[in-house]
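To start, the structure under review is shown below, and the notes come after it.
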Amino acid sequence: MQKYLRTKRIKVNRKRCEGSYRLAPGDLVQCYISDEFFAADGDQWAFRSARDQLEVVYEDDNILIVNKPAGLVVHVDNDGEVDTLINRVLKYLEKSGQYNPAAESSFAPALCNRIDRNTSGLVLCAKNAPSLRVLNEKIRDREITKLYCCLVFGVPSPPHALKKAFLRKDAAKNQVEIFDQPVPGGRTILTEYTVLSSREGISLVEVNLHTGRTHQIRAHMAHLGHPLVGDAKYGVSRQSKGLPFRHQALCAYCLTFDFPTPADHLNYLRGQSFRVPGLPFPHSLAGEAPPIPENNTEPQHPLHRSTAMEQITLSNKENDLP
């Protein structure tokens, strides 16, 4: 369903809509959905064919945070791949007795955010409809902060900046272009970056997206003259030759529930931060990222599990833009 929303095959009032949009009386909903979407009865069990590997970072009765490896697609794509992140999640939840597809008539656990196939990192999942509603609203209102780390060629200057540009997507090529000035079909992007360390012409950079566009980090950093290591689409292949990367060196490494406004039954998550247990970059290239203070409290909620990872609270030392 997310794919159909993204490709404008589901429209509201003849316009593209987001999954978080709430229908109002009088809205016109148009669906251009292929027959393949309406799966045969047996296809509802397709998730059982997915692999068992799933790194759970945090879990409670309402949400699940997992660490997606690079190379794994989040949803079923045009290739019909069954081994997807959402299918691994459904398989995990069924095996642990938290999901019974035979008894679910209207809701199945769903991913709240997505990252590209070849990007690794944290993905948030809602286990029930009320949680999905709240999390979609919080993501839409930018009350959940997602930070990325990447390796780029060169040393960005200044070491901390908020950059504005305009992004235009070529859907046929699944590629985007970045412009310094407004262009027809272009959308504004805001990318904040901080150089964490540099070594031998490669920098470890933290990125906070103030807008979330297709390939924004990869394309914008390349436009700034600092393409991601291992990025064959927006970088220069010869630069990455000999380096141990099959994909772009990009990881969604930290997730923070800011929640400045009420979050209903998810209020217990306010102020909690989670990160991957370690960046998937060679230490010899990435260097050391500044340590982040530990959070000595845990979300006050039953069924809390936090595995292979520490909980953290972000420091505010990088909050002030130059």
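- Y58 and F274 have their aromatic ring centers within a separation under 6.0 angstrom.
- Between the side chain of H226 and the backbone N or O of F153 there is at least one donor-acceptor pair closer than 3.5 Å.
- The two atoms that bring A126 and S131 nearest to each other are CB-C, 4.0 Å, heavy atoms only.
- Judged by distance alone, with hydrogens and angles left aside, the side-chain atoms of R270 form a donor-acceptor pair with the main-chain N or O of F259 at under 3.5 Å.
- Counting heavy atoms from C-beta outward, T84 and V74 have side chains that stay 4.5 Å or more apart.
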Is there a salt bridge (charged side-chain N to carboxylate O under 4.0 Å, His left out) between E192 and K164? Walk through the geometry before answering. CA-CA 9 Å; E192 181 183 2; K164 178 180 179 180; over 6 Å; no
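- Closest approach of C149 and L196 over heavy atoms only: SG-CD1, 3.9 Å.
- Between the S203 side chain and the G154 main chain, a donor and an acceptor come within less than 3.5 Å of each other.
- Panel note: side chain N100, backbone A102; a donor-acceptor pair is recorded below 3.5 Å.
- Linking Ile, Leu, Val, Met, Phe, Trp and Tyr whenever their side-chain heavy atoms come within less than 4.5 Å puts I202 and Y253 in one cluster.
- Rounded to the nearest 0.5 Å, atoms CG (L111) and CG (L135) are 11.5 Å apart.
- Atoms OG and CG, on S96 and L64 in that order, are 8.5 Å from each other to the nearest 0.5 Å.
- The CZ atom of R275 sits 13.5 Å away from atom CG of L255, with the distance rounded to the nearest 0.5 Å.
- The OG1 atom of T191 lies 10.5 Å from the NE2 atom of H223; values are rounded to the nearest 0.5 Å.
- The cluster map of Ile, Leu, Val, Met, Phe, Trp and Tyr, joined by side-chain heavy atoms under 4.5 Å apart, puts V195 and V207 in the same cluster.
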Test side-chain contact (heavy atoms from CB on, under 4.5 Å) on V56 and Y92 and set out the steps. CA-CA 10 Å; V56 177; Y92 165 79; 4.0 Å; yes
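- The backbone N or O of D83 sits less than 3.5 Å from a side-chain atom of E81, completing a donor-acceptor pair.
- Taking each heavy atom of F257 and I63 in turn, the nearest pair found is CZ-CD1, 4.0 Å.
- At least one donor-acceptor pair under 3.5 Å links the side chain of N267 to the backbone N or O of A263.
- Shown here for A252 and T119, the closest heavy-atom pair between the two residues is N-CG2, 4.5 Å.
- The closest side-chain heavy-atom distance from K11 to V29 is not below 4.5 Å.
- The aromatic rings of Y234 and H215 sit perpendicular, their planes meeting at an angle over 60°, well past the 30° parallel limit.
- Clustering ILVMFWY residues whenever any of their side-chain heavy atoms sit less than 4.5 angstrom apart, transitively, puts I217 in a cluster other than the one holding V176.
- Listed by first then second residue, pairs satisfying salt bridge (charged side-chain N to carboxylate O under 4.0 Å, His left out) with a partner in residues 255-265 read R133-D264, not counting sequence neighbours.
- Contact check for N113 versus V123: side-chain heavy atoms found under the 4.5 Å cut-off.
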May I have the step-by-step check of side-chain contact (heavy atoms from CB on, under 4.5 Å) for Y99 and F47, ending in yes or no? CA-CA 12 Å; Y99 171 55; F47 68 87; 4.1 Å; yes
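- At distances below 3.5 Å, at least one donor-acceptor pair connects side-chain atoms of N87 with backbone N or O atoms of V82.
- Distance check: Q216 CD to T211 OG1 gives 3.5 Å after rounding to the nearest 0.5 Å.
- In this structure, the side chains of I144 and T256 stay at 4.5 Å or more apart for every pair of heavy atoms.
- Note on L54 and L93: same hydrophobic cluster, where clusters join Ile, Leu, Val, Met, Phe, Trp and Tyr whose side-chain heavy atoms are under 4.5 Å apart, directly or indirectly.
- Listed for the R88 side chain is a donor-acceptor partner under 3.5 Å among the backbone atoms of Q53.
- Counting heavy atoms from C-beta on, the side chains of K169 and Q175 never come closer than 4.5 Å.
- Cluster annotation: I189 and Y148 are assigned to distinct hydrophobic clusters (Ile/Leu/Val/Met/Phe/Trp/Tyr, side-chain heavy-atom contacts under 4.5 Å, transitive).
- Screening residues 208-231 for salt bridge (charged side-chain N to carboxylate O under 4.0 Å, His left out), with sequence neighbours left out, gives D116-R218, R218-D231.
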Go through the steps for E55 and K68 under the test salt bridge (charged side-chain N to carboxylate O under 4.0 Å, His left out), then give the verdict. CA-CA 7 Å; E55 184 179 354; K68 185 189 86 68; over 6 Å; no
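- For K163 and Y193, the positive end is not near the middle of the six-membered ring at less than 6.0 Å and at most 45° from its axis.
- Side-chain N or O atoms of D27 include one that pairs as donor or acceptor with a backbone N or O of A24 at under 3.5 Å.
- The shortest side-chain heavy-atom distance between N136 and Y21 does not fall under the 4.5 Å cut-off.
- Taking each heavy atom of G235 and P227 in turn, the nearest pair found is CA-CB, 3.7 Å.
- Using a 4.5 Å cut-off on side-chain heavy atoms (C-beta onward), Q248 and C150 make no contact.
- Rounding to the nearest 0.5 Å gives a distance of 8.0 Å between NE2 of H75 and CZ of R114.
- Taking every heavy atom of both residues into account, K127 and D60 meet most closely at NZ-O, 2.7 Å.
- Looking only at side-chain heavy atoms (C-beta outward), D52 and K91 come within less than 4.5 Å of each other.
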Run the side-chain contact (heavy atoms from CB on, under 4.5 Å) check on K146 and L122 step by step: do they pass? CA-CA 9 Å; K146 293 170 288 182; L122 301 181; over 6 Å; no
Does M221 form a side-chain contact (heavy atoms from CB on, under 4.5 Å) with L228? I'd like the steps, not just the answer. CA-CA 7 Å; M221 293 307 296; L228 270 62; 3.9 Å; yes
